[in-house]
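Source: prediction; values computed, not measured. Sequence positions, counted from 1, serve as the residue numbers for this chain. Just follow the structure's listing: the first ligand is 1, and inside any ligand the first atom is 1.
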Amino acid sequence: MTTELRPMAPAWIGSLKPYQAGKPIEETAREFGLPEASIIKLASNENPLGMPPKARAAIDSIIHGGARYPDPNGHALKVALARKYGVEKNWLTLGNGSSDILELVARAFLQPARADDDCNAVSSQYAFMAWQNAVKATGARLVSVPAKDYGHDLDAMAQAVSASTRVVYVANPNNPTGTFFTEAALCAFLDRIPANVIVLLDEAYNEYLEPALRYDSAALVRRYPNLVVSRTFSKAFGLAGLRVGFAIATPHVTDLLNRVRQTFNVNSLAQAAAIAALDDSAYLDESWRLNREGMARFYEVCRELRLDYVESQGNFVMIKVGNSAELFDALLRRGIIVRKITDYGLGEWLRITVGLPEENERFFAALRELTAVNA
Ligand SMILES: *Cc1c(COP(=O)(O)O)cnc(C)c1O
C-alpha cells in the first residue's frame with residue numbers, strides 16, 4: 001500500500017504501543033530450539049496448578065454446545081456471582097477477561113480530550129499497562145501520578161482529580177509492583193473523590209490477600225455508587241486462557257457498561273468453567289497456600305543474594321536485578337520465561353510469577369548462577 005493510500009487513524013491510535021504480554025511457551029520453544037516440556041513460564045501471573053478440576057469437568061460436559069452462541073447475558077454465571085458476592089444480578093457485568101471490563105469503563109466514560117474539555121483519567125505511575133492503553137485508545141488524556149514507594153500515592157491522586165476527570169483507576173494489589181493499600185486508606189480516598197467521577201478498583205489479585213487484609217468491596221459499591229470493582233478468573237481461579245472477568249457496580253453504571261459491551265463477549269466454555277471454579281474452594285485454598293509458601297522462598301533467596309525486592313500481595317514479585325534485559329535473555333536460554341517491565345520505566349527490575357515449588361527452585365538456581373557471574 002502506498003503512503004498516500006494508507007488509512008488514516010486518529011493521532012492517539014498511532015501513538016499507542018501494543019501491550020507486551022508474557023512470552024508464550026510455544027514461541028520460546030520455537031526460537032530457542034527447546035522442548036516445550038522443559039520450559040517454565042513465570043511471566044504472566046497465571047495459576048501454576050493448571051485449571052481447577054471442577055472447571056475442567058464443567059467444560060467437558062458442555063463442549064457439545066459449541067455450535068450455539070453463548071448466553072449473551074451470562075445468566076447462570078451472574079446468579080452464582082450474585083450469591084457469592086452478595087449483590088443483585090443487575091450489579092454485574094461480565095467481561096472477556098477483566099481487561100475487557102477496563103476497556104468497557106474507558107469506552108463508556110471517556111472521550112477525546114478537546115480544547116474546551118480536557119477529558120482525562122487519573123492513575124498511578126506503574127499502573128497496569130492494559131488500563132493505560134485503554135485510556136489512550138479513547139483519545140482521553142492519561143494523567144499519571146508519581147508513585148510513592150512503588151505504590152499508589154492516594155493523596156496525590158485525589159489532588160490530581162480535576163473538573164475534567166471522569167475516571168480514576170486504582171489497582172489493589174497493583175501489578176507489576178505488588179503493592180497494596182488498606183480498606184481504611186481506600187475509604188479515605190473515596191471520600192475525597194467527587195460522586196460524578198468513576199473510581200475503577202482493579203482487584204485482579206484479591207484472592208491472594210491475607211485474610212486480615214481483605215475487605216468487602218461489594219459493600220463499598222453500595223456506600224460509594226461511583227465505584228466500579230473489577231475482578232478476574234485469570235489469576236487465582238486458574239482460567240487465564242478462557243478469558244473471563246466481571247465488574248461489580250451500581251445498576252446505573254452497569255447499564256452504561258452493558259451498552260458498549262459486545263453482545264457475546266464471554267464464550268460459553270468460559271461461562272461454564274467460571275461457575276465451576278467459583279465453587280472449587282479446595283483448589284482456591286491450595287492456590288493461596290502454594291503462593292504464600294512460594295513467596296516466602298522468593299524473599300529468602302532475594303535476601304541471600306542481596307537483591308532488592310518489593311513486598312507483594314499478589315502472586316508475583318518484582319526483583320531489582322540491574323541489567324534486566326541481559327538476565328531476561330540468559331534465563332530464556334535456560335528455558336525460564338520471566339517478565340521485563342522496562343515499559344513501566346522499571347528497567348532494572350524483573351517481575352517473576354510464583355510458580356510450583358520445583359519451578360521456583362529452578363529459577364532460584366539460575367538466578368544464583370547468573371548473578372554470581374555478574375558480580
Ligand atoms: C492480570 C491482570 C488483570 C486481568 O487480566 P484478564 O484480562 O482478566 O486476564 C487485570 N488487572 C491487572 C492489574 C492484572 O494484573
Side-chain angles (χ1 to χ4, degrees), residues 18-24 41-48 51 55 74 77 81 92-107 121 123-135 137 142 144 147 150-152 167-181 199-209 217 228-248 257 261-262 265-267 269-271 273-274 277-278 287 291 310 312-318 338-341 343-344 346 349 351-354:
Y19 181 76
Q20 295 291 323
K23 203 172 173 65
K41 185 180 177 211
L42 304 174
S44 300
N45 305 343
E46 295 139 331
N47 195 319
M51 269 175 69
L77 176 53
L81 288 168
L92 294 165
T93 306
L94 303 183
N96 183 33
S98 61
S99 309
D100 192 22
I101 298 293
L102 306 189
E103 284 206 10
L104 295 181
V105 170
R107 224 178 309 147
S123 51
S124 176
Q125 183 186 12
Y126 314 133
F128 187 40
M129 203 58 78
W131 168 249
Q132 299 190 40
N133 282 349
V135 171
L142 181 75
S144 189
Y150 298 100
H152 294 20
V167 183
V168 183
Y169 170 87
V170 289
N172 205 32
N174 187 53
N175 171 21
T177 57
T179 50
F180 177 81
F181 48 81
V199 176
L200 174 53
L201 172 62
D202 183 339
E203 297 188 325
Y205 301 94
N206 173 273
E207 297 78 14
Y208 287 111
L209 292 177
S217 359
V228 178
V229 174
S230 168
R231 296 278 186 99
T232 184
F233 283 90
S234 295
K235 308 290 160 59
F237 286 112
L239 299 179
L242 289 170
R243 316 302 305 127
V244 51
F246 63 98
I248 304 175
L257 298 180
R261 180 177 68 84
Q262 269 192 30
N265 63 336
V266 183
N267 70 72
L269 302 186
Q271 291 187 32
L278 267 185
S287 303
N291 187 58
V310 175
S312 171
Q313 295 299 333
N315 65 340
F316 55 88
V317 64
M318 200 169 90
V338 299
R339 192 69 161 268
K340 269 188 292 198
I341 42 179
D343 285 354
Y344 287 89
L346 293 164
W349 301 74
R351 192 199 71 193
I352 303 101
T353 306
V354 176

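Residue Trp131 places no heavy atom under 4.0 Å from ligand 1. Heavy atoms of Asn45 come nearer than 4.0 angstrom to ligand 1 in no pair at all.
Between Ser44 and Thr353 the shortest heavy-atom distance is N-OG1, 3.5 Å. Scanning all heavy atoms of the two residues, the minimum distance from Glu103 to Ala134 falls at CG-CB, 4.0 Å. Taking both residues in full, the closest heavy atoms of Asn267 and Leu242 are given as ND2-O, 3.5 Å, listed atom of the first, atom of the second, then distance. Between Ala43 and Gly22, the shortest heavy-atom distance links the atoms CB-CA, 4.1 Å. Summarising the geometry of Ala236 relative to Tyr208, their closest heavy-atom pair is CA-OH, 3.3 Å, with the distance given to 0.1 Å.
Residues Trp349 and Tyr126 keep their aromatic ring centres 6.0 Å or farther apart. Ring centers of Phe316 and Tyr205: under 6.0 Å apart, within the cut-off.
Atoms of ligand 1 lying under 4.0 Å from at least one heavy atom of Asn175, given by number and element, are 13 (C), 14 (C), 15 (O). Close contacts of ligand 1 with Ala204, meaning ligand atoms under 4.0 Å from a residue heavy atom, involve 2 (C), 3 (C), 10 (C), 11 (N), 12 (C), 14 (C).
Neither the backbone nor the side chain of Ala171 comes within contact range of ligand 1; no heavy atom lies under 4.0 Å. Contact annotation: for Ser98 versus ligand 1, heavy atoms closer than 4.0 Å belong to both the backbone and the side chain. Contacts of Phe233 with ligand 1, taken as heavy-atom pairs under 4.0 Å, are absent altogether.
Checking only distances, Tyr205 does come within under 3.5 Å of ligand 1, N or O to N or O.
Closest heavy-atom approach to atom 12 (C) of ligand 1 within the set Asp202, Asn96, Leu242, Asn172: this belongs to Asp202. Looking at Arg351, Arg243, Lys235 and measuring to atom 3 (C) of ligand 1, the nearest heavy atom belongs to Lys235.
Nearest protein neighbour of atom 9 (O) of ligand 1, counting heavy atoms only, is Ser234 OG, 2.6 Å. In this structure, the protein non-hydrogen atom closest to atom 7 (O) of ligand 1 is Ser99 OG, 2.5 Å.
Side-chain contact of Arg339 with Asn45: a donor-acceptor pair under 3.5 Å is absent, judged by distance alone.
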